[in-house]
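Notes follow once the structure below has been shown.
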Amino acid sequence: MFRKMLVTSAAAMAIFAISPAKAQECDAAGTVGTGGSAAAGGTSASTLGTAGACVTDDGTTASIASGGSAASADGKAQSRTQINENPNQLKAQSRAQAMDKGTFSKSRTKTRVRDGELESTTRTMSHVPGKKPIIDRTDSSVALPD
């Protein structure tokens with residue numbers, strides 16, 4: 001019984017001893033995101049990217065995410081994502097491509113946070129030999145106030 005009370009008391013003291021960090025409200029905030037898919041024949045490719053930023057008295061915090069996938073019934077498929085960070089910007093790029101002989105589908109998304117500006121662009125393309133390629137582009141951007 002004493003051991004049970006000791007553990008309970010220690011747990012209660014630990015809960016009260018933990019003080020949450022004071023949350024700061026954003027003076028300005030923004031998010032962007034784009035994504036797209038392409039499909040032709042037995043191929044498909046999709047990518048997406050998203051970013052967010054919050055400006056506080058202590059500076060700007062930002063996050064970024066990107067990804068993609070590709071599939072082919074009988075051919076080859078590949079996808080890759082690269083994310084780079086330096087003191088000036090966050091940058092992400094995802095590419096996905098699927099090929100089956102002359103038929104292909106591909107998608108590319110670029111997302112960036114730099115100097116209070118958030119941008120994301122997705123381009124998709126699919127093609128079947130003998131037909132006109134189908135191309136699409138989606139853009140999204142937000143400028144945070146100073």
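Everything quoted here is computed from the prediction, not taken from an experiment.
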field: Pairs flagged by side-chain hydrogen bond (donor to acceptor under 3.5 Å, both in side chains) wherever residues 75-87 is involved - sequence neighbours left out
entry: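 Those involving residues 75-87 are T81-S94.
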Can you give me the closest heavy-atom contact between [X] and [Y], atom names plus distance?
X	Y	value
G49	T111	CA-OG1, 3.5 Å
A96	A70	CB-CB, 4.1 Å
L48	S66	O-OG, 3.0 Å
S126	A40	CB-CB, 3.8 Å
V128	G41	CG2-N, 4.4 Å
M125	I135	CG-CG1, 3.9 Å

message: Can you tell me how far apart OG1 (T47) and CZ (R123) are? Round to the nearest 0.5 Å.
response: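 It is 12.0 Å, given to the nearest 0.5 Å.
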- prompt: When rounded to the nearest 0.5 angstrom, what distance separates CD1 in I64 from OG in S120?
  reply: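 So the CD1 of I64 and the OG of S120 are separated by 8.0 Å.
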field: Those residues that, when tested against D27, pass salt bridge (charged side-chain N to carboxylate O under 4.0 Å, His left out) (two or more places apart)
entry: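 D27 satisfies salt bridge (charged side-chain N to carboxylate O under 4.0 Å, His left out) with no other residue.
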Within the 4.5 Å heavy-atom criterion, are [X] and [Y] side-chain neighbours or not?
X	Y	value
T109	T34	yes
T103	P129	yes
L118	S141	no
R95	K106	no

- prompt: Taking T121 as the fixed residue, which of R137, R108, R112 is the one that meets the side chain to side chain contact (heavy atoms under 4.5 Å, CB included) rule?
  reply: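 Of all the options given, the one that passes is R137.
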field: Contacts of Q97 that satisfy side chain to side chain donor-acceptor pair (under 3.5 Å) - sequence neighbours left out
entry: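 With sequence neighbours excluded, Q97 shows a side chain to side chain donor-acceptor pair (under 3.5 Å) to no residue whatsoever.
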message: Grouping I, L, V, M, F, W and Y whenever their side-chain heavy atoms are under 4.5 Å apart, do V32 and I83 come out in a common cluster?
response: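 V32 and I83: one cluster.
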field: Audit row: I134, D136, side-chain contact (heavy atoms from CB on, under 4.5 Å) steps and yes/no
entry: CA-CA 7 Å; I134 298 170; D136 189 38; 5.9 Å; no
